[in-house]
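Read through the structure below, which is laid out as structure tokens, and then see the notes.
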2 protein chains.
Amino acid sequence: MARVTQADVARAAGTSMAVVSYVVNGGPRPVAEATRQRVLAAIEQTGYRPDGVARALVGGSTMTLGLIVPDIANEFFAELAAAVEQAARAAGRTVLLANSEGDASTELDLLDTFLQRRIDGLVIVSQAPAAADRLLNRAKTRHVFLGAAPESAASIGVDNFGGAVAATRHLLEHGHSRIAAIAGPAGDHVAEARLAGWRHAVAARPTAGRVRFVQHPFTVTGGYDAALALLNPSPLAPGGPASGASIFGRSGPAGARVRPQAVFASSDRQAIGLLRAAADLGLSVPDDLAVVTFDGSSISAYAVPALTTIQQPIAEMAELAVRQLIDPDPQPLRAVLEVGLVVRRSCGCPPAHL
Amino acid sequence: MARVTQADVARAAGTSMAVVSYVVNGGPRPVAEATRQRVLAAIEQTGYRPDGVARALVGGSTMTLGLIVPDIANEFFAELAAAVEQAARAAGRTVLLANSEGDASTELDLLDTFLQRRIDGLVIVSQAPAAADRLLNRAKTRHVFLGAAPESAASIGVDNFGGAVAATRHLLEHGHSRIAAIAGPAGDHVAEARLAGWRHAVAARPTAGRVRFVQHPFTVTGGYDAALALLNPSPLAPGGPASGASIFGRSGPAGARVRPQAVFASSDRQAIGLLRAAADLGLSVPDDLAVVTFDGSSISAYAVPALTTIQQPIAEMAELAVRQLIDPDPQPLRAVLEVGLVVRRSCGCPPAHL
DNA sequence: ATGAAAGCGCTAACAC
DNA sequence: GTGTTAGCGCTTTCAT
């Protein structure tokens, strides 16, 4: 008892394969109701299941979408993956998932694999947007970049600059003037935009005095290290990760540093590390240190204290991306979505509940 | 300029398609070195990329593995997905991912979709193990269950009972006697095993007095609600989620309840909710309340205080599962992996660093 | 060592 | 309304 094929069904129903195909696909030609019933019965009886592979070979479409992210274990990408999968499933598509591990050459390999698999389209958070775009265009495979993207490609981003401004302003409104920032890695598209937003907002308050920022990876450990650099009364020895001077000039002689009253963290993960560092240093958040962060992944809601954060519209991004990939005639897409400030406890606003 | 096929390469190289196939696959027949080079050059020049779909149609294997989990946004499953993808990639396979949303009928639909796609094998955290197993067996598709599984199927689990015992004993060793438990939903295979482990350990200390447990979902909210039920001085009105009596009898008249000194939480997510509830109630962890949890997902390390937890060997599970699916002649598999206690701060042990 | 050709299971012309 | 048949791109026997 090998695989049940259309031919088996046709035989059982006493019809031709074409008719079976017509009823399975509801077209392209009409079928008499009586015949239809016989075919349906035969399908039921034989346990026939259409073969997607053969279908894809002739039809051209695999009904499969690819998703490549740096690290699915990161809650932000995990939530994104969940949203993409859901949107794809709603549209009858399946999702091929892969991690680039933040590595450009791994990403390119993955791309190659996906193209061999003939995915219909790809959603990608890319480490090498230009190269990826070239490859995908050559293969005529639809794709949309999330975050960093070449000018000419379809992309969906969020207003990183505006979000960072809003976050920082909220801290300003709490009356803080010394607002430091934990930025993402130098050179990172997203990280730079958020840093610029913080700079912009903080520059509006010239009384801000010594404002500092440090650049660290978008990780919990990165946030922890960053926080230590920012909060430690005795400055660490030089040679560590980049530590930026004030935008108004150097932040003063080492040792004479004043502790920031507030910190804008460029990502939730970093904020988690910051929270831990603050606890280790005996600093209470938000009493001794106010914090606002960026991302709005679920982890921000569960932290203690709950994090006030700039929330990215993950579901919207996913839906937009999937729609773009399966739209019969897609328009050029270059979306920049709005982000919202979600006020919780870490900024010093009054408590709310889970 | 349509798709570049093997025929194009053959033409460019001045050979037959068969030879192209031989060099691409390194067999099954030998090819003269000179010819090989010509073919390679032709491939390079035409930009040929083998078509995985056609290959799968004739070859039988899609080189694709499926993964179905209840919710990829849950960090435990996200970490699992990352590990499975990595193991699959290392073995040259690609992963088709889907969320069952904890719903059995969605899961069955997904199964159907994956089967149509002719996946080579499936890793599944199932809501309906028996039905899934039947379906997969009928389709002759290899599969391994993680967690709940039918007797006869390949499965990988962890020692939930033993882990819960170890967690509870650790609390006992801290000198606590009133150790409550936050259990998972009643009827859940995994939840029951962990609850039984707690029961077993706690029974060894008859002085334990009023030991209580409550059953709530494996979610942050579930943990929060559970904690409220357990910790609130004034008992909530009845009618809420199941609240278990002591194994030594009823836990005493309402209102006369004594607050537990420690809590064993059945999952990290619940523990996060518990931490938040404790904070809301002004209870300090571990000083007022010691906590040990189960799962060991990254979130447990980042919580404040860091959670002492029973760690599941996720990478090992993933590797074992993938190996089982691609092993040329697989042995029946019914693995129960050991779990380890990771001591951090929440149990009351001395602090360590990130 | 190489080539010709038969399918893999299906869809969609194209006939009737 | 239904049947026949030509591929989709590839692997692999079977000749040569």
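Reminder, nothing fancy here: chain letters follow the sequence lines and each chain counts from 1.
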Self-check item: Qualifying salt bridge (charged side-chain N to carboxylate O under 4.0 Å, His left out) pairs, either residue in residues 53-63 of chain B, two or more places apart
Solution: none
Quiz prompt | Separation of atom CZ in A/R29 from atom P in C/dC14, rounded to whole Å | solution = 11 Å
Self-check item: End axis versus end axis in the helix from C/dA1-D/dT16 to C/dC16-D/dG1, the angle rounded to 10°, five pairs used at each terminus
Solution: 40°
Quiz item: Got more than 12 heavy atoms from elsewhere within 6.0 Å of CD, B/E151?
Solution: no
Quiz item: Name the one of B/L146, B/I68, B/D133 that satisfies side chain to side chain contact (heavy atoms under 4.5 Å, CB included) with B/I124?
Solution: B/I68
Quiz item: Could you give the CZ-to-C1' distance, from B/R55 to C/dG7, as a whole number of Å?
Solution: 18 Å
Practice problem: Measure from the side-chain N and O atoms of B/T113 to the backbone N and O of B/D109, and report whether any donor-acceptor pair falls under 3.5 Å. | Solution: yes
Quiz item: How many Å lie between CZ on A/R49 and P on C/dC10, as a whole number?
Solution: 12 Å
Exercise. Inspect the surroundings of CD in B/Q37 and state if more than 12 heavy atoms from other residues, nucleotides or ligands are less than 6.0 Å away.
Key: yes
Self-check item: Residues from residues 31-43 of chain B lying under 4.0 Å of DNA chain C - heavy atoms
Solution: B/V31, B/A32, B/T35
Self-check item: Partners meeting side-chain contact (heavy atoms from CB on, under 4.5 Å) with A/Q331 (sequence neighbours left out)
Solution: A/D329
Practice problem: Starting from C1' on C/dT11, measure out to OH on A/Y48 and report it in whole angstrom. | Solution: 10 Å
Quiz item: For DNA chain D, which nucleotides open and close the run of contacts to chain A, 5' to 3', at under 4.0 angstrom from a non-hydrogen atom?
Solution: D/dG1 to D/dG9
Practice problem: To the nearest Å, give me how far apart CG (A/L57) and P (C/dC10) are. | Solution: 12 Å
Quiz item: Can a salt bridge be assigned to the pair A/D120 and A/R142 using a cut-off of 4.0 Å between side-chain N and carboxylate O?
Solution: no
Quiz item: Considering only heavy atoms, which members of residues 11-26 of chain A lie under 4.0 Å from some atom of DNA chain C?
Solution: A/M17, A/A18, A/S21, A/Y22, A/N25
Quiz prompt | Atom of A/A73, atom of B/A82 and distance for their closest heavy-atom approach | solution = CB-CB, 4.1 Å
Practice problem: For residues B/P129 and B/P150, report the shortest heavy-atom separation together with the two atoms involved. | Solution: O-CG, 3.5 Å
Quiz item: Is the backbone of A/M17 close enough, under 3.5 Å, to the side chain of A/S21 for a donor and an acceptor to pair up by distance?
Solution: no
